[in-house]
Amino acid sequence: MSESTSVVPALTPAPTTMVIFGATGDLTKRKLLPALYRLKVLGLMPKTFNIVGYSTRDFSHSEFRDFAVSAVKKYSPREPEEAHLEALFQNTHFVSSSFDDDGGYKKLTRVLEVLDEKTEGPQASRIFYLATPPSFFEVIIENLYKAGLSDDGAAAIDRPKVIIEKPFGRDLASAKNLNEVIAKYFDEEQIYRIDHYLGKETVQNILFFRFANGIYEPIWNRRYIDHVQITAAETNGVGKRGKYFEESGTLRDMVQNHLMQLLSLVAMEAPASMSPGKIRREKIELVQALRPISSDNVSSDTVRGQYAAGTLDEQEVPGYKDEVGIAADSETETFVALKVFIDNWRWADVPFYLRTGKRLKKNVTEIAIHFKRVPICLFTQTLTGCPENNTLILKIQPDEGIAFQFNVKRPGSSRHMEQVTMDFSYGETFKAELPLAYERLILDCMLSDATLFPHKAGIEASWAYITQILEAWQGESAPPIVEYEAGSWGPDAAEELMTRERRFWRND
Ligand code: BG6
């Protein structure tokens, strides 16, 4: 596949300056800089694009530039070309300061002014990317305002924007508080909250698949669907993020945001139009219809696990407690499984099983819709047992596509039925590389399109649901944190969540 083929829309944004707070951190290295590089290769970058890195590292402008080039070389899916690197990083600057130091914002303002003097035509629009730990979000936002950087009058085509990474709060109260602080200094339309799952092509496709095809909607309900499984399994452990993970855990890290997004997209009602506001409203309605998990059902409907040492890809890997930055008696969960009900007419009594964890057997994110079995087994005289139920699998990653499983008669045999799969693969059909999630989101932000960015009301709705679980986990009826072997599919309790109802996770 050639690097210049892409399915990204061909729109180019106005001149932009992107200031990255936390410019020398992991997220910047692994995700942001490679995404900027891809946009450059695809010709989707504005004619003028300036990068200003801001962090406490003692870098000169050129040292930061070298850092950025090596990050792209290391983390890009394919070997970058010197000419594109040169063009991308020709206007790269650095401000070395702590995030709470007025002096740092003065230096930043000066750098921005110098860049503006060099820019022909209207002033470059500014994007402030908060790629820092969440404890710095408020102080950066306040300092940007105090430095006069939250509004630049009519000098640029677009008003300054702020991109805020997750985690957005750690419970309902802190998420509300953060939203209130932001609202003091910036207008809502200037804020772009990231959930990078929404930038994934396969996640965006969920609504297209559901609402651009006539045949699924009539059967997308409790009459035809037995249950739904949503899995986001990772082989990675916590790596160098031990400190963050100890404060977060998997419920906050993965479920509150990414899994709730997948759940709401697959289960929401059809919006009246595809406008961001209408989609948002349906997603919030869905989250608000989730049956609360409280002390009554927390032990039957939730599982929390933590990985122990094990073997993955024939390599021995340590347990969570032996990772860097983890307390020896840590009670942080690295695996969560939930049984969730949506109390509305479409989904009443249809269980949605969600699971996600680290150090699991395989990297796979998918939504599997298990349809009800046939009402009567007509083939009992020739077969042992009834046919399997039909399953539709929305394959989010890494093997992007859609599969449908159904039963056929095995040729030549009157006694055997077999389940076969119809498979659609993005790679084979479109012969183009899918855009990286961050590539799409950064481009949309430059184009002032907030469709794929969660809104504050949606985030608060999701936290309202998750906070109840966090609270129930503090209570006496909480399920214990059970260990699972690295390289497995999680704790036995997660299997039991299904098997006691004669259902099974799609493992392997
Ligand atoms: C991040 C989480 O939001 O998503 C990580 O903080 C997780 O812990 C990652 O590994 C998973 O993203 P992806 O795109 O690799 O599925």
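Sequence positions, counted from 1, serve as the residue numbers for this chain. All values reported here derive from a predicted model rather than from experimental measurement. Counting starts at 1 for both ligands and their atoms, in listed order.
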Proximal ligand 1 atoms for Lys166, defined as those under 4.0 Å from one of its heavy atoms: 1 (C), 2 (C), 3 (O), 6 (O)

Near Lys200 (heavy-atom distance under 4.0 Å), the atoms of ligand 1 are 13 (P), 14 (O), 16 (O)

Where ligand 1 meets Lys358 - atom numbers and elements under 4.0 angstrom, heavy-atom basis: 5 (C), 7 (C), 8 (O), 10 (O)

Should Arg503 and Asp226 count as an ion pair when the cut-off is N to O under 4.0 Å? yes

of all protein heavy atoms, closest to atom 15 (O) of ligand 1 is Gln397 NE2, 4.2 Å

Under 4.0 Å from a heavy atom of Asp253: give me the atoms of ligand 1 that qualify, with their elements. 2 (C), 5 (C), 6 (O), 8 (O)

Test log, rule ring pair (Phe, Tyr, Trp, His ring centres under 6.0 Å), inputs Phe209 and Phe211: CA-CA 6 Å; Phe209 179 79; Phe211 302 128; over 10 Å; no

Could you tell me whether Lys321 atom NZ has more than 12 heavy atoms of other residues or ligands within 6.0 Å of it? yes

Ring centres under 6.0 Å, that's the criterion: do Phe136 and Phe21 meet it? no

Nearest heavy atom to atom 7 (C) of ligand 1, choosing from Glu165, Glu234, Lys31, belongs to Glu234

Assess whether side chain to side chain contact (heavy atoms under 4.5 Å, CB included) is satisfied between Ile293 and Gln468, documenting all intermediate values. CA-CA 6 Å; Ile293 292 184; Gln468 289 178 330; 5.9 Å; no

Considering the heavy atoms of His196, write down every atom of ligand 1 situated less than 4.0 Å from one of them. 1 (C), 3 (O), 4 (O), 12 (O), 13 (P), 14 (O)

Walk me through it: do Lys395 and Glu366 pass the test salt bridge (Lys or Arg N to Asp or Glu O under 4.0 Å)? CA-CA 5 Å; Lys395 300 199 278 183; Glu366 63 171 37; over 6 Å; no

Using a 3.5 Å cut-off on N or O atoms only, is Arg241 in polar contact with ligand 1? yes

Does Lys200 count as lying over the ring of Tyr197, i.e. NZ or CZ under 6.0 Å from the six-ring centre, within 45 degrees of the axis? yes

Ligand 1 to His258, heavy atom cutoff 4.0 Å, flagged ligand atoms 1 (C), 3 (O), 4 (O)

